[in-house]
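Below you'll find the structure, written out as structure tokens, and then a few comments.
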Amino acid sequence: MIDNLILGFDTALTASTLFYCFIGVSIGMFIGVLPGVGPLAAISMLLPMTYYIGATDALVMLAGIYYGAQYGGSVASILLRLPGTASSAVVCLDGYEMTKNGRAGAALFLSAAASFIGGSIGILLMAALAAPLADFALRFGSQEYFMLMALGLVAASTLSEGSAVRGLAMVVLGVALGLVGLDLTSGTMRFVYGQFELMDGVSLVASAMGLFGLSEILANIGRSERGVPTARITLRSMMPTRRDIRDSLPAVLRGSAIGSFFGALPGTGSTIASFFSYASEKKLARNRAQMGQGAVEGVSGPEAANNAAAQTAFIPTLTLGVPGDAVMALLLGAMIVHGVTPGPQMLTNTPEIFWGLVASFWLGNLILLVFNIPMIGLWVAMLRIPYRWLYPAILVLIVIGTYSVRYSLFDVWQLLAFGLLGYVLRILHFPTAPLVLGLVLGPLMEENFRRSLMLSDGSFTTFVERPISAVMVVIVIAILLAQIVLPLVRVLRRDPAKPAEES
């Protein structure tokens, strides 16, 4: 592992990679501070720009946006009770109470320190587990890869927040959209309906920008302006006390462990990790009686979990080629565009990209720690940007970015269609992230599915004849059955004598 990390830092410390790492984490921090934008929209907007730079620099920048947003999301949560990202929502509970008690500076400092420690632990775990996971994955055939992707899609759509049925419906829609274009075997066109621009399939850039960028703008039209903090935050006011540090350290270690576990599981990620960490602190913290009233553990624990999960989320994406959420799906698409094959072969074919990316994570977290504290005044000033100026600028960037990929107006029409689709899905409370997962993994699943059937002369039993594939079949069936059985159990356990609102 030491030799691999030396190779990684040798790649990550080049001038261009350091520059793009700094750009990525700075944009991510800015996006995280501004409520209502989010890393998905930012990554989808900048995805076209990465086509003109090297693969390593592109992936380093896009990844920096993702984990940089985790840092920035806590700023608005603590100062304004407005979470910049979903995963920082729980920090509002105690962070904003600390602000009301005149301790905003200490809360911001503790959140930055906890984020750095949690992220560093997650990076170490990723570096330690990457090679063994990749060696194990080298035993996989097409059957195992198909079932692994199916498991990732089912888990991501059913274990995450919201309706499992709606999540599965979005996965199916995404996989169906992935069938558009040239058939992999025969070369015939499928579902293009005379639009030859669809020969290469549905545009990932247009779909991502539409679903996460344009739909966000449509949903926030007429949104009321937010207030901004008036109290000045000085460097002296940011210094925590010894008691703050003593109380925070156990919470940081617990949060890092929780975040590292949940980050590696498809469909869970940073949001569930941070809420689970907060629930744990309410049971285990030294000051658990003060949770919700400005306890430092309510800030440090979830922030550590948040960033540890953001780092370990890269483990299945890089080592197995299976993204756990929409952000990882976009990064997987960026790798494929740059000719990089994610999965176990990545460690042997392009080790400098893999380990350079891992090393850049730690450098990016260090940059965020060093620059986050002095620049808090700037982040607070950015909260004063009115929505009526912010969203038109984002709309222009989205349209230009989509058009610049192939200089095609058809892609702009795709952007509009997916933007309207994303807006309608938002109104109907359908999740859009599983749709992107299905769109990215659909063609890969089809390829491995058809190869498996060709090798077995069309026999579907090939997926249960191989031990690893058979285990994953059982897990998929168990997850689907759980979504049917558990609601029935809850209904049967209800007391019919109780009023409906109580039950």
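The chain is numbered in sequence order, starting from 1.
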Under 3.5 Å donor-acceptor, [X] side chain and [Y] backbone:
{"X": "His429", "Y": "Arg166", "result": "no"}
{"X": "Thr350", "Y": "Ile353", "result": "no"}
{"X": "Ser260", "Y": "Ala308", "result": "no"}
{"X": "Gln143", "Y": "Arg466", "result": "no"}
{"X": "Asn448", "Y": "Leu444", "result": "yes"}
{"X": "Thr17", "Y": "Leu13", "result": "no"}
{"X": "Gln483", "Y": "Leu480", "result": "no"}
{"X": "Asn306", "Y": "Pro302", "result": "no"}
{"X": "Ser300", "Y": "Ala251", "result": "no"}
{"X": "Arg190", "Y": "Leu179", "result": "yes"}

[atom1]/[X] to [atom2]/[Y] distance, rounded to the nearest 0.5 angstrom?
{"X": "Thr11", "Y": "Phe354", "atom1": "OG1", "atom2": "CZ", "answer": "12.5 Å"}
{"X": "Asn307", "Y": "Ile117", "atom1": "CG", "atom2": "CD1", "answer": "11.0 Å"}
{"X": "Phe410", "Y": "Ser203", "atom1": "CZ", "atom2": "OG", "answer": "9.5 Å"}
{"X": "Ile258", "Y": "Glu281", "atom1": "CD1", "atom2": "CD", "answer": "7.0 Å"}
{"X": "Glu197", "Y": "Gln414", "atom1": "CD", "atom2": "CD", "answer": "8.5 Å"}
{"X": "Thr312", "Y": "Leu124", "atom1": "OG1", "atom2": "CG", "answer": "12.0 Å"}

Mutual orientation of the aromatic rings belonging to [X] and [Y] [parallel < 30°, tilted 30-60°, perpendicular > 60°]:
{"X": "Trp362", "Y": "Phe9", "answer": "perpendicular"}
{"X": "Phe460", "Y": "Phe449", "answer": "tilted"}
{"X": "Tyr407", "Y": "Tyr403", "answer": "perpendicular"}

Taking C-beta and beyond as the side chain, do [X] and [Y] meet within less than 4.5 Å on heavy atoms?
{"X": "Asp183", "Y": "Glu446", "result": "yes"}
{"X": "Val436", "Y": "Leu211", "result": "yes"}
{"X": "Gln195", "Y": "Val180", "result": "no"}
{"X": "Leu357", "Y": "Thr56", "result": "no"}
{"X": "Leu148", "Y": "Ile468", "result": "no"}
{"X": "Thr432", "Y": "Met170", "result": "no"}
{"X": "Leu125", "Y": "Gln311", "result": "no"}
{"X": "Leu7", "Y": "Pro351", "result": "yes"}

Met328 and Tyr66: side-chain contact (heavy atoms from CB on, under 4.5 Å), yes or no, with the steps? CA-CA 9 Å; Met328 294 297 113; Tyr66 175 53; 3.5 Å; yes

On a heavy-atom basis, which atom in [X] and which in [Y] lie closest, and how many Å separate them?
{"X": "Pro434", "Y": "Gly167", "value": "CB-O, 3.6 Å"}
{"X": "Cys21", "Y": "Ile367", "value": "SG-CD1, 4.3 Å"}
{"X": "Ser459", "Y": "Leu453", "value": "O-CD2, 3.9 Å"}
{"X": "Trp355", "Y": "Ala127", "value": "CH2-O, 3.5 Å"}
{"X": "Leu415", "Y": "Leu214", "value": "O-CD2, 3.6 Å"}
{"X": "Ala273", "Y": "Ala305", "value": "O-CB, 3.7 Å"}

Before you tell me yes or no, could you show the steps for Leu435 and Leu177 under side-chain contact (heavy atoms from CB on, under 4.5 Å), namely the whole-Å CA-CA distance, both residues' side-chain angles and the distance that decides it to 0.1 Å? CA-CA 9 Å; Leu435 193 156; Leu177 290 174; 4.1 Å; yes

For atom OH of Tyr423, is the number of surrounding heavy atoms from other residues, nucleotides or ligands below 6.0 Å larger than 12?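 For Tyr423, atom OH is not crowded (no more than 12 foreign heavy atoms under 6.0 Å).
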
What verdict does the side-chain contact (heavy atoms from CB on, under 4.5 Å) test give for Leu455 and Thr462, after you've listed the backbone C-alpha separation in whole Å, the side-chain angles of each residue and the deciding distance to 0.1 Å? CA-CA 9 Å; Leu455 293 173; Thr462 185; over 6 Å; no

Would you please test Val175 and Leu153 for side-chain contact (heavy atoms from CB on, under 4.5 Å) and show each step? CA-CA 10 Å; Val175 172; Leu153 287 177; 4.2 Å; yes

